Amino acid sequence: MQVSILSTSDVHGYIRADDFRRPLLNNQLGFTRAATVIAAQQKQITDSGNVVVTIENGDFIQGSPLTNYIQKIVPEQTDMYQKLTDAVSYDVRILGNHEFNFGREYIEKVFSDTDNLLNANILDTQTQEPFVGQPYKIIERKGVKIGVIGLTTQFIPHWEQLSHIANLIFKDPVAVAERYIEKLRPQVDILILAYHGGFAEDLQTGEPLEKLTSENQGYQLLQLPGVDALVTGHQHREIADVVDGVPTTQPGYRGNYVGLMTLTLDDSNKRVSATAQILPTGESAERSDIVSLIDPLQKQVNDWLDTPVGHVGDNMQITDHFAARLHNHPFIELVNQVQMAATDTQISNTALFNNEVRGLTDAVTQRDIMTNYIFPNTLVVEALTGQDIKDALEVNARYFKLDDQGEVILNPLFTMPKVQHYNYDIWSGIDYTFDLTQPMGQRVIAIKKDGQPLDLAKTYEVTMNNYRAGGAGNFPMFSMDKAVREVQRETADLIGEYIMNHPHVHIEQPTNLTIIK
Ligand SMILES: [Zn+2]
């Protein structure tokens with residue numbers, strides 16, 4: 001007998017094979033494609049006389065224009081989530097951290113008709129019981145008893161607004177899992193942990209890959225005695241591995257992969273071996289019944305995305321990307337201003353990610369914003385010394401080079417072997433000068449804040465995206481150790497909200513970046 005475990009995680013409201021950007025950037029994704037893969041697997045596994053358990057691992061009700069539209073415009077249609085998950089016949093569902101972005105009451109509303117929600121470690125302060133869902137479920141199929149315990153990262157209070165998580169306690173999922181394993185193990189043949197969280201360690205060596213916090217405790221969960229399989233998510237990584245005989249998966253995000261673990265059981269229904277894989281969904285057809293279910297709403301969302309939210313003037317279009325990076329640009333300054341407003345800081349950096357970014361025309365739609373800010377980045381504030389800022393600017397200054405005639409050109413380091421315009425940041429809140437006649441590493445000759453030279457020993461709060469905040473792109477002076485605040489909302493959403501709240505934005509051409517050649 002074999003028991004297979006299928007999972008989706010971090011679908012984030014990408015139901016159709018449509019990333020909402022225009023022109024479409026990616027359609028190798030979507031819940032409708034994942035559902036096709038799942039249905040085929042479910043059929044194949046049951047037809048062969050084996051057992052399958054299907055798990056939705058969280059971050060399902062937040063993260064796309066569709067989820068925003070449901071929450072803001074048609075809250076009476078939150079039952080769509082139940083219809084969608086019913087169509088896939090999930091055995092259990094888990095809460096993700098982003099489920100909390102619209103507040104506790106919204107979760108209670110969305111999941112009110114859900115009888116298969118598992119939540120073992122987020123408790124109501126008063127009752128000390130799960131505030132929604134059950135801690136575990138025992139599924140009996142073909143004589144095999146399978147226990148599933150549902151767990152969610154305990155790190156949510158580090159990101160979430162207090163009003164969204166009032167009267168909730170986030171318990172350590174490892175300690176909670178241990179307690180329920182002890183209780184369930186004698187009652188079941190197979191025990192699965194479904195955890196909306198990921199890994200901070202290398203799975204084979206146990207070496208930390210990032211600063212160890214309590215955000216991603218998958219590695220600790222895998223080590224717990226009595227666990228037969230671990231479903232993970234949250235990091236949007238593509239992981240399939242077997243560690244000391246115990247399989248684990250993490251199926252990407254937006255429905256681009258489905259996790260599949262297969263346990264082979266002996267005659268007494270004990271696990272004797274296991275495999276893990278992730279199945280790409282991009283080449284599978286969208287499941288037509290789910291397409292029919294979502295399409296009326298999807299069409300409304302697409303109309304909504306094409307409705308102007310405000311005006312930004314006539315200077316936010318980008319035709320010369322090199323010039324925009326060389327002199328800064330009103331569109332880049334807008335992103336920085338939004339970042340500073342959202343995090344309450346006075347210094348920010350961002351990049352013009354690629355040369356397809358066209359900037360904004362005067363009447364701006366939400367779709368224009370998403371198409372111009374393509375990454376699902378969130379914001380991090382780091383406490384940096386003036387020296388850290390100077391060191392980061394030296395990295396930025398490498399983007400440029402002087403040619404034989406003394407003209408500024410793009411440093412080929414940023415195009416070969418890989419095009420990396422997204423690793424050149426442009427700053428706001430400081431005035432800075434690059435002297436390109438100097439060698440790399442000695443080009444930042446002046447940095448001023450409020451007209452005064454930046455104090456290299458003093459600490460400043462700087463807002464940047466979560467990708468950069470981890471140091472990615474050769475910025476060792478940035479690290480999550482230095483993070484003092486985070487805003488776990490997508491920057492494109494924040495830009496849209498900012499323009500809605502300031503319907504006539506006007507930003508002059510910035511003059512804070514000076515280039516000497
Ligand atoms: Zn997620």
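Start at 1 and go down the list; that is how both ligands and their atoms are numbered. We're numbering straight along the sequence, starting at 1. The structure presented is a predicted model; accordingly, all values stated were derived computationally and were not measured.
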Worksheet entry | Under-4.0 Å salt bridge between R485 and D344 |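 Looking at D344 together with R485, the answer is no, because their closest N to O distance does not fall below 4.0 Å.
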Discussion item. Can you count the protein N/O/S atoms lying under 2.8 Å from the Zn ion (ligand 1), leaving waters out?
Written reply: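 With waters ignored, the protein N/O/S count below 2.8 Å is 4.
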Item to complete: Please test I55 against D91 for side chain to side chain contact (heavy atoms under 4.5 Å, CB included), starting from the C-alpha separation and ending with a verdict.
Response: CA-CA 6 Å; I55 297 175; D91 293 289; 5.8 Å; no
Discussion item. Test of understanding: with side-chain contact (heavy atoms from CB on, under 4.5 Å), list the residues that count as partners of R358, not counting sequence neighbours.
Written reply: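 Scan of R358 (side-chain contact (heavy atoms from CB on, under 4.5 Å), adjacent residues dropped) gives P23, T371.
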Worksheet item: Can you pull the salt bridge (Lys or Arg N to Asp or Glu O under 4.0 Å) pairs that have at least one residue in residues 169-181, sequence neighbours excluded?
Response: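 For residues 169-181, and leaving out neighbouring residues, there are no salt bridge (Lys or Arg N to Asp or Glu O under 4.0 Å) pairs at all.
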Discussion item. Taking salt bridge (Lys or Arg N to Asp or Glu O under 4.0 Å) as the definition, give me every residue that meets it alongside D303, ordered by chain and number, with sequence neighbours left out.
Written reply: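 With neighbours one apart ignored, the set is K299.
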Discussion item. Side chains of N119 and Q134: any donor to acceptor distance under 3.5 Å?
Written reply: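 There is no such pair (donor and acceptor under 3.5 Å, judged by atom type) between the side chains of Q134 and N119.
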